[in-house]
Engineer: 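Handing you a structure now.
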Amino acid sequence: MNAEFHQTGLSPDADWWRQAAVYQIYPRSFADSNADGLGDLPGITAKASYLQSLGIEAVWLSPFYPSALADGGYDVDDYRDVDPRLGTLEDFDGLLAALHHAGIRLIVDIVPNHSSNRHVWFREALAAPPGSAARERYIFRDGTGPDGSQPPSDWLSHFGGSAWTQVADGQWYLHLFSPEQPDFNWDNPEVREDFLGTLRFWSDRGVDGFRVDVAHGMAKDLSEPLRSRPTPDPRITPDDGTDPLFDRDDVHRIFAEWRKVLNEYDPPRAAVAEAWAPTAPRRALYARPTGLGQAFNFDLLEANWEPETFGTIIATNLAEAGLSGASSTWVLSSHDVVRHASRYGLPPGVDFQAWLLSGGSSPAEDRNVGLARARAATLLMLALPGSSYLYQGEELGLFEVADLPESVLQDPIWARTGQREKGRDGCRVPLPWTADAPFFGFSTTQPHLPQPAWFGPLSVASQDADPGSTLQFYRRALRLRRKLRSAETLSWVQGHRPDVLHFVRPGGWHSISNFGPEPVALPEGEVVITSGPLVKGTLPVDTAAWVIADS
Ligand code: BGC
């Protein structure tokens, strides 16, 4: 292994998160160590040197807690344990130690908006009568209509259908996601106290930070009568904090309490909010130093490959970071969306769920274009001030597995939408590690989601051997990024056509991205990396470059 990667231990920098490259691991699809077809924690530990060679600064681990997997692990039975299919707490400690030894921090996903319906508190709530303290930890209400047979309000589940489910004694409980994910009542001091205990539990074990699931949804206006909100979309929200369900002002009282606990540690534990807020200033509230400290911006992940859109998003989010004092976050792919190598190979504005329903055939995907743009977008993103969140498999240039048979689909979206949307399984297919081993080296038995034949040439082993591969490109870019990292500012370089984005970071680090058909001349200096080949020394369409110049 390259000597540059022989780090042991972590840098003492308390601000490590501000410009970190964070790699998201969806644990059940990363590497299987015990031949049950499900990735697990020892599987990740065994790949610590792979993660180190990638050059990332941190791992964000999606939920690994005991779960019936009604929503891919975002339905948590016990917040302070490991799913036995994924390992034990000792395995968790082993993973953390291996990552830290490799100089990699660990952020764990915490899911505070809802538990699973198998959580001990929810079982107690079901066994207890209406009005009991056990029911007060969740959100139970009587129904409406003459016999209470209608839901308490028109609130809708994000996964389709009503957000209320009726229980045997006639009451209803709220679940903004699937019925197996009952929402907690965050007005209840016992709930608040318990989560502080969970933050301490993992912080004491040494985790470096938390990714906070559905941070925008935890505080709700439960005063009677419940107000109408006939859309589940958290993006359609007034910008004054008064929506009954999302981005309420009250939520920040919770995070102020969390921040006090996170600051008890040295270094303070980092936290990043998954917060869908209507405006940049509203999102900035989550990212305040007195709040979680950082918030995801999903703007690039939702954007078409268009220079005006990218330019506006970058400018807006850098300004937003200025409002909160946090650094910006950038993300192109995650476990919730169609992979960006596929998105960019489809016509702009395409309905991704309709495309998935067609098995990926209509419209046709142009994988060459998609991958070229994905690599260019990644290089552009990695040059931006702030932290970049990468999703497992994007370093291999994986495309969405759009033709998963209906019989294997796991995402609750499939059933909850009456099979009108296939959901998110296509980006959660287990990684290919080698081309020639069964199941591409992920497992020795059939993985929980089937892998397509085209994974072979995209496997880690195949790309290891190819200097032009996407994997080697990511490694080079991430290694350079560490070396070039500079103050959290950029200056736009004007004078190009509108389909070229060119900015320079302090220290003469230029990022030039060509979205248009005409080739672009590069500035004077050393071309340290390009996302694809140059043509006669110029930057062709759908290609990005970094150039180190004197200014
Ligand atoms: C996670 C999803 C999950 C949902 C409910 C999200 O935002 O990223 O994967 O389904 O929260 O927990």
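Atoms within a ligand are numbered from 1 in the order they appear, just like the ligands themselves.
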Engineer: Considering residues at least two apart in sequence or located in another chain, which fulfil the salt bridge (Lys or Arg N to Asp or Glu O under 4.0 Å) criterion with Asp78?
Structural biologist: none

Engineer: Taking side chain to side chain contact (heavy atoms under 4.5 Å, CB included) as the definition, give me every residue that meets it alongside Asp213, ordered by chain and number, with sequence neighbours left out.
Structural biologist: Tyr74, Asp109, Val111, Pro112, His114, Arg211, Glu274

Engineer: Is there side-chain contact between Pro27 and Ile44, with at least one heavy-atom pair below 4.5 Å?
Structural biologist: yes

Engineer: Name the residue from Phe210, Phe92, Tyr79 that meets the ring-ring contact (aromatic ring centres under 6.0 Å, His included) definition with Trp202.
Structural biologist: Phe92

Engineer: List, ordered by chain and residue number, the protein residues whose closest non-hydrogen atom lies under 4.0 Å from any atom of ligand 1.
Structural biologist: Asp71, Tyr74, His114, Phe159, Phe177, Gln181, Arg211, Asp213, Val214, Glu274, His335, Asp336, Arg424, Arg428

Engineer: Anything under 30° is parallel, anything over 60° is perpendicular, the rest tilted; go ahead and classify Phe298 against Trp276.
Structural biologist: parallel

Engineer: Would you please name every residue forming a side chain to side chain contact (heavy atoms under 4.5 Å, CB included) with Ala319, sequence neighbours left out?
Structural biologist: none

